[in-house]
Number of protein chains: 2
Amino acid sequence: MPEEPTQALRFGKARTARSAALLEDYVELIADLLAAHGEARAIDVAKRLGVTHPTAIKSIARLKREGLATARPYRGIFLTEAGRKLADRVRARHRLVVKLLLAVGVPAEAAEADAEGMEHHASEATLKAFARFLARAK
Amino acid sequence: MPEEPTQALRFGKARTARSAALLEDYVELIADLLAAHGEARAIDVAKRLGVTHPTAIKSIARLKREGLATARPYRGIFLTEAGRKLADRVRARHRLVVKLLLAVGVPAEAAEADAEGMEHHASEATLKAFARFLARAK
DNA sequence: AGCGCAATGTAGCCAAAGCTATATTCAAGT
DNA sequence: ACTTGAATATAGCTTTGGCTACATTGCGCT
Ligand SMILES: [Mn+2]
Ligand SMILES: [Mn+2]
Ligand SMILES: [Mn+2]
Ligand SMILES: [Mn+2]
């Protein structure tokens with residue numbers, strides 16, 4: 001068993017990542033919708049995430065509070081500069097995690113599904129290692 | 001972008017995994033403490049997880065409600081048969097995820113820390129692939 | 001036996017993330 | 001211009017998982 005303080009730090013990191021996961025998924029999805037359709041309506045975000053629209057609207061309010069998004073009523077959602085930055089990082093990370101899973105032989109649908117949760121826990125060190133592995137094993 | 005219903009299913013799976021994560025970490029930790037010290041006191045669980053003891057006690061109450069643990073007051077926590085089963089699965093999964101991360105070149109501390117969060121999102125298909133990869137790349 | 005400290009437990013607060021139900025607003029079609 | 005349906009917003013409830021502050025219990029020592 002690991003040392004107590006070490007282990008507490010690890011669990012703490014996992015909790016932090018868990019609480020950031022929701023915002024990350026939202027900005028990534030909003031960026032995708034903006035890229036694909038030129039707009040991101042709350043109701044589409046809700047459908048894509050599989051939640052009800054009040055839930056989506058409440059989370060989008062949190063995005064606004066945290067300076068990641070803006071929304072003109074009945075005009076859809078837009079990302080701030082910070083939101084776009086985050087979306088870019090998150091999307092790149094997502095893709096890298098999926099690629100790594102595929103590279104070690106995980107079936108495509110499982111890779112996509114599991115990456116949706118795992119991505120939020122991949123630290124910089126891990127992502128670097130993934131990139132090196134993929135370059136080497138190419 | 002993936003199809004809407006597919007994507008909603010993936011996000012739903014991630015949400016389910018996230019909400020199971022806490023219970024999984026608790027039973028794994030309790031099993032480790034029982035193995036290492038013959039008992040698992042609430043306060044030690046709290047210290048290891050890096051939360052306050054009322055938080056730990058409340059979560060342990062949830063474990064009891066869900067039939068995973070029992071506790072005689074001032075006597076520490078014990079796992080039910082279901083709890084032990086879950087702990088075994090969770091521990092095996094944890095180890096496998098760590099091993100996979102190490103095998104692709106993730107530094108040890110990052111592997112341990114990231115696995116603490118990622119493990120909860122590794123599906124059966126993914127775990128199987130990890131095992132095959134490790135056997136092959138041995 | 002009794003004291004005092006540590007462990008345990010309880011109460012009560014908060015924010016996040018889900019839901020249903022209801023109200024409001026917009027925009028399209030007649 | 002009206003109507004009406006869909007999108008958006010609000011209200012209010014629940015559970016989870018954090019916290020602090022306080023109360024109780026049990027045990028080891030003297
Ligand atoms: Mn995700
Ligand atoms: Mn993602
Ligand atoms: Mn874990
Ligand atoms: Mn674990």
Side-chain angles (χ1 to χ4, degrees), chain A residues 4 8-30 33 37-78 116-117 120, chain B residues 4 8-30 33-34 37-66 68-78 116-117 120:
Chain A
E4 178 192 296
L9 282 180
R10 287 178 194 162
F11 281 121
K13 273 189 203 175
R15 276 194 302 275
T16 301
R18 217 159 57 209
S19 92
L22 183 119
L23 296 186
E24 292 175 351
D25 283 337
Y26 270 82
V27 295
E28 186 187 0
L29 177 55
I30 290 166
L33 288 170
H37 304 113
E39 65 173 6
R41 322 285 292 210
I43 203 174
D44 294 318
V45 172
K47 276 194 206 124
R48 291 263 164 190
L49 288 170
V51 297
T52 60
H53 77 270
T55 296
I57 286 172
K58 209 178 281 187
S59 298
I60 290 165
R62 196 178 146 209
L63 293 191
K64 292 186 215 165
R65 267 205 316 280
E66 310 211 356
L68 297 170
T70 58
R72 300 202 302 286
Y74 295 87
R75 281 312 179 121
I77 303 141
F78 304 89
E116 201 51 78
H120 309 283
Chain B
E4 178 193 296
L9 282 179
R10 287 178 193 162
F11 281 120
K13 273 189 204 174
R15 276 194 301 274
T16 302
R18 219 160 56 211
S19 92
L22 183 121
L23 296 186
E24 292 176 352
D25 283 339
Y26 270 82
V27 294
E28 187 186 0
L29 177 55
I30 290 166
L33 288 169
L34 285 170
H37 305 114
E39 65 172 7
R41 323 285 293 210
I43 204 172
D44 294 318
V45 171
K47 276 193 208 125
R48 291 262 164 191
L49 288 170
V51 297
T52 60
H53 79 270
T55 295
I57 285 173
K58 210 179 281 190
S59 298
I60 290 164
R62 196 178 147 207
L63 293 192
K64 293 187 214 162
R65 266 202 319 279
E66 311 209 357
L68 297 169
T70 58
R72 298 202 304 285
Y74 295 86
R75 283 311 180 124
I77 303 142
F78 304 90
E116 200 51 78
H120 309 283

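Because the structure is predicted, anything quoted here is derived from the model rather than measured. Proteins come first, then strands; the chains are lettered A, B, ... in the order of their sequence lines, and each starts at number 1.
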Distance, nearest 0.5 Å, that separates [atom1] of [X] from [atom2] of [Y]:
X        : Y       : atom1 : atom2 : value
B:Ile30  : B:Asp25 : CD1   : CG    : 10.5 Å
B:Ile57  : B:Ile43 : CD1   : CD1   : 8.5 Å
B:His120 : B:Leu23 : NE2   : CG    : 10.5 Å
B:His53  : B:Arg41 : NE2   : CZ    : 13.0 Å
A:Leu9   : A:Glu4  : CG    : CD    : 10.5 Å

What are the residues of residues 51-58 of chain B, sorted by number, that bring a heavy atom to within less than 4.0 Å of DNA chain D?
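Within this stretch, B:Val51, B:Thr52, B:Pro54, B:Thr55, B:Lys58 sit under 4.0 Å of the strand.
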For DNA chain D, which residues of residues 68-78 of chain A approach it to below 4.0 angstrom with any heavy atom?
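Correct list: A:Pro73, A:Tyr74.
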Checking B:Glu28 now: which residues fulfil side chain to side chain donor-acceptor pair (under 3.5 Å) with it, not counting sequence neighbours?
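Testing B:Glu28 for side chain to side chain donor-acceptor pair (under 3.5 Å), a comparison that skips the adjacent residues, returns B:His94.
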Give me the bend of the helix from C:dA1-D:dT30 to C:dT30-D:dA1, using the axes of the five pairs at each end, rounded to 10°.
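Terminal axis comparison yields 0°.
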Which heavy-atom pair separates [X] from [Y] by the least distance, and what is that distance?
X       : Y       : answer
B:Arg62 : B:Ser19 : NH2-O, 3.6 Å
B:Ala42 : B:Ala56 : O-CB, 4.1 Å
A:Tyr26 : A:Val51 : OH-CG2, 4.2 Å

My understanding is that only one of B:Leu22, B:Ile77, B:Leu63 makes a side chain to side chain contact (heavy atoms under 4.5 Å, CB included) with B:Val27; could you say which?
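The passing option is B:Leu63.
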Taking C-beta and beyond as the side chain, do [X] and [Y] meet within less than 4.5 Å on heavy atoms?
X       : Y       : value
B:Leu29 : B:Leu33 : yes
A:Asp44 : A:Glu39 : no
A:Arg18 : B:Arg18 : yes

DNA chain D: A:Ile43 or A:Arg18, which has the more 5' nearest nucleotide?
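Mapping each residue to its closest nucleotide by heavy atoms, the 5'-most match is A:Ile43.
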Is there a donor-acceptor contact under 3.5 Å from the side chain of B:Arg48 to the main chain of A:Phe11?
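No, B:Arg48 side chain to A:Phe11 backbone: no donor-acceptor pair under 3.5 Å.
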At the 4.0 Å heavy-atom cut-off to chain B, mark where contacts on DNA chain C begin and end, going 5' to 3'.
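Footprint of chain B along DNA chain C, 5' to 3': C:dA7 to C:dG18.
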Residue whose closest nucleotide on DNA chain C lies nearer the 5' end, A:Tyr26 versus B:Arg41:
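Nearest nucleotide further toward 5': that of B:Arg41.
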Using the heavy-atom set of chain A and a strict 4.0 Å cut-off, write down the first and last nucleotide of DNA chain D that makes it in, 5' to 3'.
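Contact boundaries, 5' end first: D:dA7 to D:dG18.
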